[in-house]
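Worksheet: one structure, shown below.
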2 protein chains.
Amino acid sequence: MVDKQAVELCEDSCAGTDTDLSTVKNRMVDEASAAELAEMFKALGDPTRVKLIGALLINELCVHDLCVLLDMGQSAVSHQLRYLRNLRIVKRRKAGKTVYYSLDDAHIEQIFSLTLQHLKHSH
Amino acid sequence: MVDKQAVELCEDSCAGTDTDLSTVKNRMVDEASAAELAEMFKALGDPTRVKLIGALLINELCVHDLCVLLDMGQSAVSHQLRYLRNLRIVKRRKAGKTVYYSLDDAHIEQIFSLTLQHLKHSH
DNA sequence: TTAACATATGAATATTTGTTCATTCGTTGT
DNA sequence: ACAACGAATGAACAAATATTCATATGTTAA
């Protein structure tokens with residue numbers, strides 16, 4: 001009872017922001033969408049993967065070239081490429097021994113460059 | 001020597017993709033930008049923070065209300081809000097005992113909704 | 001088949017991260 | 001001053017993560 005009252009007191013005070021909580025709750029992103037969004041952003045939330053995507057934004061490239069460009073071990077690069085591939089951010093094409101990677105998702109480029117712009121315009 | 005040749009052989013084979021590595025390297029996102037991009041995306045790469053932002057996208061809200069909306073402890077919410085505030089994704093306004101949070105960055109909304117669209121249109 | 005090579009993968013490890021718990025900091029009302 | 005409340009914080013812990021190492025695939029050439 002004491003607890004409930006405390007909650008209500010706060011809800012009252014916050015009602016001053018012109019909407020009540022149930023309205024916000026209804027318009028909020030649902031659990032599933034939140035999870036998907038987070039999963040997507042998490043994939044982009046690592047310097048190595050950002051660089052991989054940044055490189056593939058310019059050109060289709062094989063694993064070895066990505067290793068040279070990022071100055072990283074082959075295994076590490078391969079693991080991250082698999083990660084990106086599982087999320088369909090990146091796709092691969094085999095040609096003999098070498099495997100070429102490229103972006104699988106046009107939206108990534110938009111999201112990527114939109115955020116790049118944002119960073120440039122925020123001193 | 002043997003190693004160098006191996007590298008060159010691979011570079012040769014990859015030259016077939018119409019650009020050479022030095023050209024790609026020059027056009028690639030630099031280390032600093034990659035780090036900033038990753039930092040930004042990492043902030044968005046967690047379900048809790050996605051939900052927080054999702055709620056604040058609709059309305060300015062106090063910590064307690066966010067706790068109720070997300071069904072989470074006050075401490076956890078507060079920690080995540082600080083995280084978002086350090087990256088200037090979110091800002092706060094004090095009013096007596098309660099602190100109201102809102103989005104600090106218009107770009108976030110763009111990035112957020114662009115990615116939401118993307119998720120909706122990918123079966 | 002054998003050797004050489006490009007890539008993939010599993011296990012191990014060190015680091016990072018999200019939440020909880022306990023406590024503290026400010027503010028308001030008594 | 002005191003108690004009550006909303007929010008912030010630091011330490012601790014469990015879970016997730018990125019890289020390395022060693023090894024395994026699969027492909028090509030000899």
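Note that the coordinates shown come from a computational prediction; the quantities given were computed from them, not determined experimentally. Proteins get letters first, then strands, A, B, ... in listed order; numbering begins at 1 in each.
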Side chain of B/Lys97, heavy atoms from C-beta onward: which of D/dT27, D/dC5, C/dT7 has the nearest atom to it?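 Closest nucleotide to the B/Lys97 side chain: D/dC5.
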Write down the distance between [atom1] ([X]) and [atom2] ([N]), rounded to a whole number of angstrom.
{"X": "A/Asp46", "N": "D/dA18", "atom1": "CG", "atom2": "C1'", "result": "7 Å"}
{"X": "A/Tyr101", "N": "C/dA8", "atom1": "OH", "atom2": "P", "result": "3 Å"}
{"X": "A/Arg82", "N": "D/dT25", "atom1": "CZ", "atom2": "C1'", "result": "13 Å"}
{"X": "A/Arg92", "N": "C/dT9", "atom1": "CZ", "atom2": "C1'", "result": "11 Å"}
{"X": "A/Met72", "N": "D/dT19", "atom1": "CE", "atom2": "C1'", "result": "7 Å"}
{"X": "A/His64", "N": "C/dA8", "atom1": "NE2", "atom2": "C1'", "result": "16 Å"}
{"X": "B/Glu39", "N": "C/dT17", "atom1": "CD", "atom2": "C1'", "result": "15 Å"}
{"X": "A/Gln74", "N": "D/dA18", "atom1": "CD", "atom2": "C1'", "result": "15 Å"}

Using a heavy-atom cut-off of 4.0 Å across all strands, would you classify B/Arg49 as base, sugar-phosphate, or nothing?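 Result for B/Arg49 = sugar-phosphate.
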For A/Leu44 versus A/Val50, what's the shortest heavy-atom pair and its separation?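 Looks like O-CG2, 3.1 Å.
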Restricting to non-hydrogen atoms, name the atom on B/His118 and the atom on A/Asp105 that form the minimum distance, rounded to 0.1 Å.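 Shortest heavy-atom contact: CE1-OD2, 2.7 Å.
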So, does B/Ser33 use its side chain to make a donor-acceptor pair with the main chain of B/Val29 at under 3.5 Å?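 Here the side-chain-to-backbone pair does not exist.
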OP1 or OP2 of [N] sitting under 4.0 Å from any side-chain N/O of [X]?
{"X": "A/Ser78", "N": "C/dT9", "value": "no"}
{"X": "A/Lys42", "N": "D/dT17", "value": "yes"}
{"X": "B/Ser75", "N": "D/dT9", "value": "no"}

Cation-pi check for A/Tyr101 against A/Arg93: NZ or CZ below 6.0 Å from the six-membered ring centre and within 45 degrees of the axis, yes or no?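 Geometry flag: not set, cation outside 6.0 Å or 45°.
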Is B/His79 stacked on the base of C/dT19 when the test is centres under 5.5 angstrom and planes under 30 degrees?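 Ring-base stacking flag not set for B/His79 and C/dT19.
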Under 3.5 Å, is there any donor-acceptor pair linking the side chain of A/Thr98 to the base of C/dC5?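 Absent.
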Are A/Val63 and A/Gln74 packed together at the side-chain level, in the sense that at least one heavy-atom pair is separated by less than 4.5 angstrom?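 Heavy-atom side-chain distance check passes, below 4.5 Å.
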Would you kindly compare A/Tyr83 and B/Val99 by the position of their nearest DNA chain D nucleotide and give the one closer to the 5′ end?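 Checking each residue's closest nucleotide, the 5'-ward one belongs to B/Val99.
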